[in-house]
Undergrad: 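Can you keep this structure in mind? I'll have questions shortly.
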Amino acid sequence: QLVIVQSGGGLAQPGGTLRLSCTTTGFRLDYATMGWFRQAPGKEREGVACIDSEMRDGMASYPDSAKGRFKISRDIAKNAVNLVVENLQVEDTAVYYCAAGDLPCVARDSGDWETLFKAWGQGTQVTVSS
């Protein structure tokens, strides 16, 4: 079973930049569809970014709420997938999850992404506060 390990997160200030990363061993993540999700207190988990397999086209997609501030990218040399969030807002406070799957995500509505992913990271708390 694929084990995804996340790193990054913690306490950040409003207006700052957040960098999260996830990786695994024994499997090339560039072969997988990868996604980042978050769950804020009292809310359902939501997708914030996904990227299709490099074997397909490696395109990325974001829900309208994440466009402009969120960026997902691959570091193939490190077998990692990164999420950068700029201009952090208090509303970005949430547990963030990295996930891997084998079905394309870009052509799907972000509300449907969660069903595409089979392996999930452990979750990383991000708190945006001054």
Side-chain angles (χ1 to χ4, degrees):
Q1 184 173 347
L2 191 63
V3 177
I4 297 175
V5 178
Q6 298 178 212
S7 60
L11 180 64
Q13 291 194 340
T17 299
L18 168 71
R19 294 179 176 84
L20 300 175
S21 184
C22 67
T23 187
T24 191
T25 56
F27 181 80
R28 289 183 56 169
L29 289 183
D30 55 321
Y31 287 176
T33 295
M34 300 298 297
W36 283 96
F37 295 76
R38 69 181 183 184
Q39 187 167 20
K43 295 187 177 181
E44 293 186 351
R45 190 158 58 186
E46 62 175 351
V48 294
C50 82
I51 187 167
D52 276 345
S53 165
E54 293 299 308
M55 301 301 106
R56 184 173 297 273
D57 56 18
M59 295 293 291
S61 181
Y62 309 87
D64 288 343
S65 60
K67 288 179 180 176
R69 294 197 301 121
F70 289 68
K71 183 177 181 181
I72 187 172
S73 64
R74 296 183 184 272
D75 186 336
I76 295 176
K78 294 183 178 179
N79 197 33
V81 176
N82 304 314
L83 178 71
V84 174
V85 185
E86 299 181 333
N87 189 23
L88 283 167
Q89 302 171 9
V90 173
E91 295 72 28
D92 294 320
T93 295
V95 178
Y96 284 72
Y97 297 90
C98 177
D102 54 12
L103 298 174
C105 66
V106 169
R108 303 284 294 269
D109 184 89
S110 63
D112 296 329
W113 286 351
E114 188 154 347
T115 62
L116 304 176
F117 294 92
K118 298 179 179 180
W120 293 80
Q122 78 275 21
T124 300
Q125 176 68 48
V126 171
T127 302
V128 183
S129 175
S130 56

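Counting begins at 1 with the first residue of the sequence.
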Undergrad: Looking at M55, I want to see if its CE is surrounded by more than 12 non-hydrogen atoms of other residues, nucleotides or ligands under 6.0 Å.
TA: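 Buried by this count: over 12 neighbours within 6.0 Å.
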Undergrad: Apply salt bridge (charged side-chain N to carboxylate O under 4.0 Å, His left out) to K118 and list each qualifying residue two or more places apart in sequence or on a separate chain.
TA: D102
Undergrad: So which atom in P14 and which in S130 form the shortest heavy-atom distance, rounded to 0.1 Å?
TA: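 Minimum heavy-atom contact is CD-N, 3.7 Å.
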Undergrad: Show your working on side chain to side chain contact (heavy atoms under 4.5 Å, CB included) between V95 and T124 and close with a plain yes or no.
TA: CA-CA 5 Å; V95 178; T124 300; 5.8 Å; no
Undergrad: Would you check if E54 and R28 make a side-chain contact, meaning some heavy-atom pair closer than 4.5 Å?
TA: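 No, side chains not in contact.
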Undergrad: Check whether any side-chain N or O of Q6 sits under 3.5 Å from a backbone N or O of Y96 as a donor-acceptor pair, and report yes or no.
TA: yes
Undergrad: Under 4.5 Å between side-chain heavy atoms, counting indirect links through other Ile/Leu/Val/Met/Phe/Trp/Tyr residues: same cluster for W36 and F27 or not?
TA: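 Hydrophobic grouping puts W36 with F27.
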Undergrad: Please tell me if the side chains of L11 and S129 come closer than 4.5 Å, counting only heavy atoms from C-beta onward.
TA: yes
Undergrad: Give the minimum heavy-atom separation between I4 and A119, together with the two atoms involved.
TA: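 That closest heavy-atom pairing would be CD1-O, 3.5 Å.
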Undergrad: For residues P63 and S110, report the shortest heavy-atom separation together with the two atoms involved.
TA: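 So the minimum-distance heavy-atom pair works out to CB-OG, 3.5 Å.
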Undergrad: Could you grab the distance from atom OG1 of T127 to atom CD of Q125, nearest 0.5 Å is fine?
TA: 4.0 Å
Undergrad: Before giving the answer on side chain to side chain contact (heavy atoms under 4.5 Å, CB included), spell out for K78 and S21 the whole-Å C-alpha distance, their side-chain angles and the decisive distance to 0.1 Å.
TA: CA-CA 10 Å; K78 294 183 178 179; S21 184; over 6 Å; no
Undergrad: Would you say V81 and L2 are hydrophobically clustered, going by side-chain heavy atoms of ILVMFWY under 4.5 Å?
TA: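 Yes, V81 and L2 fall within the same hydrophobic cluster.
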Undergrad: Taking all heavy atoms of V85 and all of L88, pick out the closest pair and write down the distance.
TA: CG1-CD2, 3.7 Å
Undergrad: About how many Å separate CG of L20 and CG of N82, when rounded to the nearest 0.5 Å?
TA: 9.0 Å
Undergrad: Counting distance only, does the side-chain N/O of N79 pair as donor-acceptor with the main-chain N or O of L29 below 3.5 Å?
TA: yes
Undergrad: Decide yes or no for L116 and E114: does some side-chain heavy atom of the first lie under 4.5 Å from some side-chain heavy atom of the second?
TA: no
Undergrad: Applying side chain to side chain contact (heavy atoms under 4.5 Å, CB included), can you list everything that pairs with V84, at least two apart in sequence or on another chain?
TA: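 For V84, the residues satisfying side chain to side chain contact (heavy atoms under 4.5 Å, CB included) (neighbours in sequence not counted) are T17, R19, E86.
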Undergrad: Do I51 and T33 have side chains that get closer than 4.5 Å, going by heavy atoms?
TA: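 The answer is no, as the side chains (C-beta and beyond) never meet within the 4.5 Å cut-off.
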Undergrad: Nearest 0.5 Å, please: how far is CG in D109 from OG in S61?
TA: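 Between S61 OG and D109 CG, I get 9.0 Å after rounding to 0.5 Å.
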Undergrad: Quick check on the 6.0 Å ring-centre criterion: do W120 and F37 meet it?
TA: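 Yes, ring centres under 6.0 Å apart.
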Undergrad: Within the side chain of S53, is there an N or O that forms a donor-acceptor pair under 3.5 Å with the backbone of Y31?
TA: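 Checking the backbone N and O of Y31 against the side chain of S53, a donor-acceptor pair under 3.5 Å is found.
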Undergrad: Between atom CD of Q1 and atom OG1 of T24, what is the distance when rounded to the nearest 0.5 Å?
TA: 10.5 Å
Undergrad: Does any N or O in the side chain of D52 come within less than 3.5 Å of the main-chain N or O of P104, such that one atom is a donor and the other an acceptor?
TA: no
Undergrad: Is the positively charged end of R38 above the ring of Y97, judged by distance under 6.0 angstrom from the centroid and angle within 45° of the axis?
TA: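 No, R38 does not lie over the aromatic ring of Y97.
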Undergrad: Minimum heavy-atom separation for F117 to A100, with atom names?
TA: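 It is CD2-C, 3.4 Å.
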Undergrad: To the nearest 0.5 Å, what is the distance between CG (L103) and CG (D112)?
TA: 12.0 Å
Undergrad: My understanding is that only residues two or more places apart in sequence, or in another chain, count here; which of them pass side chain to side chain contact (heavy atoms under 4.5 Å, CB included) with K67?
TA: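 Residues passing side chain to side chain contact (heavy atoms under 4.5 Å, CB included) with K67: Y62, D64.
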Undergrad: For A32 and R74, work out which heavy atoms get closest and say how close.
TA: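 Residues A32 and R74, closest heavy atoms: O-NH2, 2.5 Å.
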Undergrad: Quick check: does any side chain N or O of Q13 sit under 3.5 Å from a backbone N or O of V128, one acting as donor and the other as acceptor?
TA: no
Undergrad: Dump the intermediate steps for side chain to side chain contact (heavy atoms under 4.5 Å, CB included) on E46 and Q39, then the final yes or no.
TA: CA-CA 6 Å; E46 62 175 351; Q39 187 167 20; over 6 Å; no
Undergrad: Measure the OG1-CH2 distance between T115 and W113 for me, rounded to the nearest 0.5 Å.
TA: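 That separation rounds to 11.5 Å.
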